[in-house]
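Side chains are part of it too, since the values below use all heavy atoms of this structure and drop only hydrogens, waters and symmetry mates.
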Amino acid sequence: MSKTLSVKANDSYLEDLDPRNYIIIKRARVNNLKNLSVAIPRNKLVVITGLSGSGKSSLAFDTLFAEGQRMYVESLSAYARQFLGRMEKPEVDYIKGVSPAIAIEQKVNTRNPRSTVGTTTEIYDYLKLLFARIGKTYSPISGKEVKRDTVTSVVDYVNRLPAGTRVMVACPLHIKKGRKLVDELNLLLSKGFARVLIDGEVKFIEEIVAPPAEGGKKKKAAAQPDVSVEILIDRAVVNPGDDDTTFRLSDSVQTAFFEGEGDCLVYAEGHDKVKFSDRFELDGMRFTEPSINFFSFNNPFGACQTCEGFGKILGIDEDLVIPDKSLSVYEGAIAPWRSETMGEWQKPLVKNGIKFDFPIHRPYNELTKAQQDVLWNGNTYFEGIHDFFKYLESKTHKIQYRVLLSRYRGRTNCPDCRGTRLRKDAQYVKIAGVSITDLVLMPIEDMLAFFKKIQLPDFDKKISDRILTEITSRLEYMDRVGLGYLTLNRLTSTLSGGEYQRIKLATSLGSALVGSMYVLDEPSIGLHPKDTDRMVSVLISLRDLGNTVIVVEHEEEIMRASDQIIDIGPDAGSHGGELVFQGTVDEIDGKVRSHTTDYLSGRETIVIPKTRRKWKDSVTIIGARENNLKNLNVKFPLGILTVVTGVSGSGKSTLIKKILYPALGRLSGSVSETPGKYDKLEGDFSRITQVEFVDQNPIGKSSRSNPISYVKAYDAIRTLYADQPLAKQRGYKPSHFSFNVEGGRCETCQGEGEIKIEMQFMADIYLKCESCHGKRFKQEVLEVEVNGKNISDILDLTVEEGLEFFKDKKPIHEKILPLFEVGLGYVKLGQSSNSLSGGEAQRVKLASFLGKNSTEGHILFIFDEPTTGLHFHDIFKLLKAINALVDEGHSVIIIEHNLEVIKCADWIIDLGPEGGEKKGGTLMFEGTPEEMVKKGKGYTAEFLKKKLK
C-alpha cells in the first residue's frame with residue numbers, strides 16, 4: 001500500500017480491501033486518536049512510531065490488542081461471557097481481520113521471589129522432565145552409577161549364564177526384633193518354604209527345628225546367633241529358551257525381593273554369589289529416584305531444606321565481617337576481632353601464621369582462595385572465623401553476644417544448594433556428567449553450547465529427542481534476543497523491563513505459534529546497538545513463521561528493517577492522534593513532514609555540544625567485583641554529565657545500582673541497602689549532600705498515585721477548590737476534593753473511578769464505576785467549579801491543557817511546568833501511576849526535582865535508561881532538562897545505550913567487551929566521546945564513530 005493511499009481523508013478505500021490480507025481499522029477514537037483509519041498488512045513486520053503521547057499505544061494496545069482480547073473472551077465459557085457485556089469495546093467504527101492477539105509489554109509484572117528466568121521461559125520445566133526421564137544418579141562417595149535391580153534385570157542375568165548351569169535363588173533371612181531364629185524358621189515353614197542356606201550349606205528347615213537328636217548337633221546349629229541364614233527360594237537349571245523356566249525364575253525373584261526386604265541372592269554353579277537389591281542405594285547410602293517434583297524448588301519434595309527453596313539464608317555476611325578487603329589480617333581486616341576482648345581469637349593466627357605459611361601482612365583481596373578458606377575454616381594452629389561465630393551462637397543467652405552477632409548477619413547464598421534452591425541430592429543426578437544445578441548456574445550461551453554438543457546413548461536419545469528440541473529452540477531464541485549472559489537461576493524480579501520483554505518474546509518464539517498477531521512495546525529497550533541486528537532477526541523470524549508483528553518502537557534500525565512504518569502525530573496529546581505517514585523508509589520524501597520522517601531523512605538531528613564540560617573533583621570506586629565486575633577502579637567526575645554504557649550484561653547496573661549508589665547513599669544516610677563487593681571509595685564525596693536514583697519503577701505503589709500528586713501540585717488545586725464560594729457555603733474542606741479519604745469521593749469505587757473484577761482464568765478486568773461513571777467524586781462535590789471545570793475535569797486535563805488552564809495561578813502553574821519540560825505534555829494530570837510506562841514514570845520523577853529549583857547542596861542524580869519510550873524529538877527535550885540540572889551545579893550519571901545521549905555526554909565510562917560472567921565486567925574506556933572515537937576499543941566506540949562524523 002502506498003503512503004498516499006493510506007493518508008487520504010476519505011477512508012472509503014478500506015471497503016475494497018480484503019480482511020484476509022489486511023487488519024482494517026476504521027475511525028478509531030480511543031484516547032487521543034482522531035477518527036484514525038488505517039489498513040495494516042497481515043503477516044508483515046510493522047513499526048508504529050511517533051512522539052511520546054502521539055497515540056501509538058492507543059492504536060496498538062488499547063485498540064488492536066483490546067479488540068483481540070475481547071474476541072478471545074467471546075470464545076470462552078459462560079462464566080467468562082457473563083462479563084463480556086461489561087467489557088467495553090474500543091471506540092472504533094469497526095476492526096476487521098484481527099488475529100488472536102498476544103501483547104508483550106515492558107513491565108516486569110512479577111515480584112514473586114520464586115520466579116526465575118528458567119520458570120518464566122518454561123525452559124526449566126523441560127529440564128525437570130529431561131532429568132526425571134534420562135538422568136543417572138551417581139554416588140558422591142565412589143562416583144559409580146546408582147541402579148535399582150528389577151525382576152527383569154535379575155532374570156536377564158541368569159539367562160545370560162551358560163545353558164545347563166545350576167542356579168539357586170535365595171534371600172537373607174531378617175530376624176524381627178524380639179524373635180529367635182527358631183521362631184523365624186517355624187514361620188517360614190508355615191509359609192511353605194522348605195530349605196535354608198546356613199553359611200552357604202543347604203539345610204532342611206524341618207531338620208533344624210526338629211527335636212534334637214543325641215549329641216545335640218541340630219540344636220547347636222539352630223541356636224547359633226552368628227551364622228549366616230538365607231532362605232532358599234528356588235533351584236533351577238539355566239534354559240533361556242524355555243518360557244516356563246523364565247516365568248518360574250521371575251516368580252522366585254519377586255518372592256526373594258519381598259522376603260529379603262529388597263535383597264535377592266543368586267548362586268550360580270562356578271560363579272561367585274551375586275547380590276541384587278531393588279532399593280535405590282549404593283555405598284551404604286539410600287538415594288531418591290529422580291522424578292519431576294524431585295527437581296522442583298516450588299514443591300516441598302524438591303526444595304532445599306535449608307533455604308526452603310528461596311536460595312538465600314540469613315547467615316554471616318563476608319562483606320560485613322571483612323568490610324575493607326585492602327587491609328591485611330595484621331592491620332585488622334577482620335572487623336569483629338578488632339576489639340581487645342575478641343582480639344584474642346586473632347593472636348594464635350598472627351603468632352603461628354609462619355608455621356603454615358600464611359601471609360598475615362598481605363591484603364585480604366590478594367590472598368589466594370585456599371588462604372581465604374583457611375582464614376574462615378581454621379586449622380590445627382588457630383580457630384577460624386566460622387568457629388568464632390559458632391562460639392558467639394553458643395553464648396546467645398547473653399545480650400552482648402546477640403548484638404554482636406546481629407552486626408554481621410546478612411542474606412547470603414545457601415551453602416547447601418549454592419543458591420539454586422534445589423535439595424542437595426539433586427546434584428547427584430547427572431546427564432553427560434552435568435547436574436541440573438550446574439546447568440541453571442551456567443550462562444545461557446554456555447548452556448546452549450552444552451546441549452548442541454551433547455552425546456547420548458541411543459535409548460536415552462529416543463526418550464529425550466523431543467524435550468531436547470524444545471530446550472535448544474528456547475535457548476537459541478534467548479541467545480538471539482541478546483540474553484545469552486543471563487542464567488536460568490536469575491530472579492525474574494531483578495530483570496529490567498527490556499530484559500523481561502525479550503524473555504517473553506523468546507518464549508513466544510519457542511512456542512512457535514502461527515497465524516497470531518504479536519503487539520510488542522519497544523523490544524529494543526536495554527539493548528546495545530550491537531544487539532539490535534539480532535533483535536531484528538528475531539522479529540523477522542516471528543513474522544516468517546506466519547504471524548503479524550506490530551511493534552511500537554523508536555529505534556532507527558528496527559524502523560529501517562520493517563516492512564512498513566506507521567507514523568502517528570504530528571505531535572503529542574491533543575495535537576496527535578492522526579496518521580501522518582504510512583509506507584517504507586525508502587518512500588520518505590520532503591512532501592510528508594513529521595518529526596519521525598525528518599530524523600530518518602537526516603533533516604533534523606540532536607546537535608552535539610560544541611564543548612565538553614571540564615571537571616576537577618571526582619569520586620572513585622576501588623576494587624569493584626560484584627557479580628561479573630573484574631576488580632575495577634572507576635572514576636566518576638562531579639559537576640558534569642557522565643554516561644555509563646556497554647553491551648547488555650556488561651556490568652553497568654551492577655557498578656552503578658549495586659555499588660556506587662548504595663556506597664554514596666550510606667555516607668549521606670539516605671540509603672540503607674548494603675553495597676556490592678568493592679574495596680573502598682576515594683575522592684571528594686564530602687561535597688555530595690544527596691544521592692537520587694531516578695529509576696523506572698512506578699511513581700507510587702497504588703493506582704491512586706498520579707503525576708500532579710507526585711509533583712505536589714494537587715494540594716494547591718484542592719485548596720483552590722475549597723476556597724470557592726459554593727464550597728465554603730457547603731463547608732467543604734480541601735480533603736473533600738481528595739479521592740484518597742472519605743468525604744467527597746465516590747464510596748462505591750472508593751475514588752478509583754473503576755472497579756476491579758477478578759478473573760480466575762486471565763488478567764483482572766477493570767470496569768468503569770456505575771455510580772460515579774468514572775468521575776471518582778460524589779455529584780454534589782462535582783458541582784463546585786473553577787472557570788467552568790470541576791475537580792474531575794481537572795484530573796482529565798493533559799499537562800499541556802493544565803498549563804493553559806492554570807496560567808493565572810502561579811503556584812500551580814510552576815509545579816506543573818516541569819512535567820511539560822520533560823516531554824510529558826500529553827499525560828493526564830490525574831492519570832493513574834500504574835498506567836504510566838517505565839520511561840514516563842522516570843520523567844515524572846525528574847520533573848519533581850526540576851520543580852524544586854534546588855540550588856543548595858550538591859545532588860548526584862543517577863538515571864537508569866531515561867530514553868525508554870522516547871522519540872528522537874523527546875530525547876532532545878530530555879537532554880535539555882537533564883543539562884538544566886547540571887547547569888544548577890549538580891552531577892548526573894546516566895546508564896544508557898542510546899547513541900544520541902552518549903554523543904552528548906561530557907564523560908563516558910564503557911564496560912565490556914561483551915556481557916556475562918566470562919566476557920563482561922572489564923573497563924573498556926573512560927574519557928570524552930572524542931577520545932573514545934580515537935582510542936576506544938569495543939562495540940560502543942565503533943558505533944559512536946558513525947554518530948560523531
Side-chain angles (χ1 to χ4, degrees), residues 132 136-137 139 144-161 165-210 221-222 224-240 242-269 271-291 293-294 301 425:
K136 304 286 189 292
T137 306
S139 166
K144 291 179 182 176
E145 186 183 340
V146 183
K147 289 182 179 177
R148 177 198 291 274
D149 292 310
T150 62
V151 171
T152 305
S153 65
V154 178
V155 173
D156 285 348
Y157 165 76
V158 173
N159 283 335
R160 283 196 299 271
L161 294 170
T165 305
R166 288 184 290 180
V167 293
M168 292 191 295
V169 178
C171 68
L173 175 65
H174 296 284
I175 301 172
K176 297 289 185 289
K177 195 175 179 182
R179 285 189 193 164
K180 293 179 181 176
L181 175 60
V182 175
D183 299 333
E184 286 288 354
L185 292 174
N186 279 318
L187 190 60
L188 285 176
L189 269 177
S190 65
K191 287 180 182 178
F193 293 104
R195 302 175 183 83
V196 290
L197 293 166
I198 296 180
D199 288 336
E201 190 180 340
V202 179
K203 300 279 186 184
F204 281 96
I205 299 174
E206 285 182 341
E207 291 177 6
I208 299 170
V209 297
Q224 284 176 346
D226 56 345
V227 292
S228 166
V229 182
E230 295 159 359
I231 309 167
L232 180 58
I233 309 289
D234 197 4
R235 295 186 294 182
V237 176
V238 176
N239 187 3
D242 183 24
D243 288 346
D244 288 341
T245 306
T246 300
F247 288 141
R248 179 179 159 188
L249 275 172
S250 299
D251 190 47
S252 301
V253 171
Q254 195 164 6
T255 306
F257 277 137
F258 178 77
E259 293 294 337
E261 296 179 6
D263 291 325
C264 170
L265 306 169
V266 174
Y267 289 87
E269 189 179 25
H271 294 77
D272 292 334
K273 176 175 76 173
V274 180
K275 183 180 178 182
F276 296 91
S277 171
D278 72 350
R279 293 186 300 274
F280 202 61
E281 62 183 18
L282 188 69
D283 300 330
M285 280 181 73
R286 180 73 65 93
F287 296 86
T288 306
E289 278 199 90
S291 66
N293 286 339
F294 183 69
F301 183 67
D425 50 350

Next item on the list: Could you grab the distance from atom NE2 of H174 to atom CZ of R179, nearest 0.5 Å is fine?
Entry: 13.0 Å
Check: Can you tell me how far the NZ atom of K191 sits from the OG1 atom of T255, to the nearest 0.5 Å?
Finding: 10.5 Å
Next item on the list: Would you check if the side chain of D199 reaches a backbone N or O of S228 as a donor-acceptor pair within less than 3.5 Å?
Entry: yes
Next item on the list: Quickly, which of L173, L187, I205, L185 forms a side chain to side chain contact (heavy atoms under 4.5 Å, CB included) with F193? Name it, please.
Entry: I205
Notebook entry, point to check: For the residue pair V151 and F257, what are the closest heavy atoms and their distance?
Noted result: N-CE1, 4.0 Å
Check: To the nearest 0.5 Å, what is the distance between CG (L249) and CG (D234)?
Finding: 6.5 Å
Next item on the list: Grab the two heavy atoms, one from E259 and one from C171, that are nearest each other, plus how far apart they are.
Entry: CB-SG, 3.8 Å
Check: Counting only heavy atoms not in Q254, do more than 12 fall under 6.0 Å of its CD?
Finding: no
Next item on the list: In sequence, state the C-alpha distance, the side-chain angles, and the governing distance for K136 and E145, and then conclude on salt bridge (charged side-chain N to carboxylate O under 4.0 Å, His left out).
Entry: CA-CA 7 Å; K136 304 286 189 292; E145 186 183 340; 5.2 Å; no
Check: Taking all non-hydrogen atoms of both residues, which atom of P240 and which atom of T246 are closest, and how far apart?
Finding: O-OG1, 4.1 Å
Checklist line | Residues, nucleotides or ligands: over 12 heavy atoms within 6.0 Å of R279 CZ | finding: yes
Checklist line | Considering all heavy atoms, the nearest I175-L181 contact | finding: CD1-CD1, 4.0 Å
Check: Any donor-acceptor pair under 3.5 Å linking the side chain of D251 with the backbone of F247?
Finding: no
Check: Roughly how far, to the nearest 0.5 Å, is the OG1 atom of T288 from the CZ atom of F294?
Finding: 5.0 Å
Check: Are D283 and S139 close enough that a side-chain donor and a side-chain acceptor fall under 3.5 Å?
Finding: yes
Margin query: Quick check: closest heavy atoms across A256 and I233, and the distance to 0.1 Å?
Written below: CB-CG1, 4.0 Å
Check: NZ/K176 to CG/D183 distance, rounded to the nearest 0.5 angstrom?
Finding: 12.5 Å
Margin query: Quick one, I198 with V196, criterion side chain to side chain contact (heavy atoms under 4.5 Å, CB included). Give me CA distance, side-chain angles, the key distance, then yes/no.
Written below: CA-CA 6 Å; I198 296 180; V196 290; 4.1 Å; yes
Notebook entry, point to check: Okay, side chain of R195, backbone of K203: is any donor-acceptor separation there less than 3.5 Å?
Noted result: no
Next item on the list: Show your reasoning for whether side chain to side chain contact (heavy atoms under 4.5 Å, CB included) applies to L282 and F287.
Entry: CA-CA 8 Å; L282 188 69; F287 296 86; 4.2 Å; yes
Note to self: Around atom CZ of F301, are there more than 12 heavy atoms from other residues, nucleotides or ligands closer than 6.0 Å?
What the structure shows: yes
Note to self: Set out, in order, the CA-CA distance, both residues' side-chain angles and the distance that settles side chain to side chain contact (heavy atoms under 4.5 Å, CB included) for L197 and M168, then state yes or no.
What the structure shows: CA-CA 10 Å; L197 293 166; M168 292 191 295; 4.1 Å; yes
Check: Between L232 and A170, what is the shortest heavy-atom contact and its length?
Finding: CA-CB, 4.3 Å
Notebook entry, point to check: In Å and rounded to the nearest 0.5 Å, what is the CD to CG distance from E206 to L189?
Noted result: 5.5 Å
